[in-house]
Amino acid sequence: MRTLNLPRSWAGLVVCGVLATAGPAQAGTEIIAETGDGAPDGNGTFSSFTSTSIVLNDAGQVAFHGLLSGTSGGAADNKGLFRSGGGSVAQIVRKGAAAPDGNGTFDTIGLPALNDSGQVAFGAGFSGTALGLWDDGGIVIGAGGAVVQIAREGEAPPDGNGVFSWSAFSPLPNLNDLGQVALVTTLTGTSGGGADDRAIYLGSAAGLVKVVREGDAAHDGDGVIGSFSGDASVNNLGQVAFKAFYSGNSGGAADDGVI
């Protein structure tokens, strides 16, 4: 089982506050969740919250990690990812729940990205998988019902060249309001080895679409995509921005870096 780098949790409240300067009708503070409150599914009560996991969207919804006590499974189901909305708290996913494809169960839940449609995307670590360390990580999206797997370690990309490795997935996905996630990924077992083992995909519940891959021709035909640097950013039109380096270009190091 892979371990995601998660922050510490603290007892207290999850609160949504609005400055009075936003207008009298919007001013005030709303308690989203409080220690001692029951979990949405009735299994346990909130015992603490992870402050650095709290994200807010423009619809006033809040996503957060919660730890629970008094659960039926003890340490096997005492953590979850939750989202407020409509005056209540919805459970996005719970430790111990089955993976979307049935291969293993959720064990670690990464920091959430929340869009204005109320969808929450996050990295996940699974336990009890068929291939152990080779298929125990992925990117998942949910909105309070069934969660959907965007990409999974050990699965092949759309072009079938290689499989996703654990390092494929950023701890914090880049998510737009259409439910699309931009992934800068690493692959193993590719036909070109280190020359084609990195790519960027745009993923959603409908599947993955390649944006660019190492070895692809440069946009102007001068060289090929050699590598990527950092994360990718996606907007609400589905456009993806990223930094790349060319190889085999005529200008060498003088013109091999682009955005």
Side-chain angles (χ1 to χ4, degrees), residues 53 55-63 81 83 85 90 92-93 99-101 109-124 137-187 190 196-221 223-246 257-259:
S53 73
V55 289
L56 174 70
N57 67 12
D58 289 342
Q61 296 172 316
V62 179
L81 177 60
R83 192 213 64 214
I92 302 299
V93 72
D101 60 0
I109 302 167
L111 295 174
L114 174 65
N115 67 16
D116 289 343
S117 299
Q119 296 171 305
V120 185
F122 56 96
I139 296 291
V140 180
I141 189 169
V147 292
V148 175
Q149 188 169 281
I150 301 294
R152 179 79 179 254
E153 182 189 13
E155 288 188 344
D159 60 10
N161 181 14
V163 297
F164 292 116
S165 73
W166 168 250
S167 57
F169 309 120
S170 169
L172 182 60
N174 293 285
L175 174 67
N176 68 11
D177 289 342
L178 302 177
Q180 297 171 317
V181 180
L183 302 172
V184 180
T185 67
T186 303
L187 301 108
T190 63
D196 64 353
D197 64 349
R198 293 269 288 169
I200 298 176
Y201 295 93
L202 191 61
S204 69
L208 290 169
V209 176
K210 187 189 81 170
V211 176
V212 67
R213 183 158 183 171
E214 286 180 352
D216 287 351
H219 72 286
D220 57 0
V224 299
I225 300 291
S227 63
F228 306 109
S229 177
D231 289 331
S233 180
V234 59
N235 68 11
N236 290 329
L237 299 176
Q239 297 170 317
V240 180
F242 57 94
K243 181 181 179 181
F245 295 92
Y246 293 154
V258 297
I259 295 177

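Both backbone and side-chain heavy atoms feed into the values below; hydrogens, waters and symmetry mates do not.
Contact between V240 and A182 at its shortest, heavy atoms only, is CG1-CB, 4.4 Å. Between R152 and G137, the shortest heavy-atom contact is CD-O, 3.5 Å. Of all heavy-atom pairs between L178 and G238, the closest is CD1-N, 4.5 Å. For L175 against N115, the heavy-atom pair with the smallest separation is CD2-N, 3.8 Å. Of all heavy-atom pairs between A151 and F164, the closest is CB-CE1, 4.4 Å. Residues A143 and I92 approach most closely at C-CD1, 3.8 Å, considering heavy atoms.
Rounded to the nearest 0.5 Å, atoms CG (D101) and CD (Q149) are 4.0 Å apart. To the nearest 0.5 Å, atoms CZ (R198) and OG (S227) are separated by 8.0 Å. To the nearest 0.5 Å, atoms CZ (F242) and OG (S233) are separated by 12.0 Å. Between the OG atom of S117 and the CG atom of N176 there is a distance of 8.5 Å, given to the nearest 0.5 Å. The line from OH of Y201 to CG of L208 is 8.0 Å long, rounded to the nearest 0.5 Å.
Checked by atom type and distance alone, the side chain of D116 pairs as donor or acceptor with a backbone atom of D58 at under 3.5 Å. No donor-acceptor pair under 3.5 Å is formed between the side chain of T190 and the backbone N or O of G162.
Residues satisfying the salt bridge (Lys or Arg N to Asp or Glu O under 4.0 Å) criterion with K210, sequence neighbours excluded, are D216. Listed by chain and number, the residues in a side-chain hydrogen bond (donor to acceptor under 3.5 Å, both in side chains) with N57 are Q61 (sequence neighbours excluded).
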Problem - Derivation and outcome, side-chain contact (heavy atoms from CB on, under 4.5 Å), residues V234 and V181 - result: CA-CA 7 Å; V234 59; V181 180; over 6 Å; no
Practice task
Step by step, work out the side-chain contact (heavy atoms from CB on, under 4.5 Å) result for Y246 and V258.
Solution key: CA-CA 8 Å; Y246 293 154; V258 297; 3.7 Å; yes
Exercise for the section: Apply the test side-chain contact (heavy atoms from CB on, under 4.5 Å) to residues V62 and R83: give CA-CA distance (whole Å), side-chain angles for both, the deciding distance (0.1 Å), then the verdict. Expected result: CA-CA 5 Å; V62 179; R83 192 213 64 214; over 6 Å; no
Exercise for the section: Begin from the C-alpha positions of I109 and F122 and carry the test side-chain contact (heavy atoms from CB on, under 4.5 Å) through to its verdict. Expected result: CA-CA 7 Å; I109 302 167; F122 56 96; 3.7 Å; yes
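Between P100 and V148 there is no side-chain heavy-atom pair separated by less than 4.5 Å.
Atom CD1 of I259 has 12 or fewer heavy atoms from other residues, nucleotides or ligands within 6.0 Å.
Put simply, the residue from D197, L187, I200, I225 that forms a side chain to side chain contact (heavy atoms under 4.5 Å, CB included) with R213 is L187.
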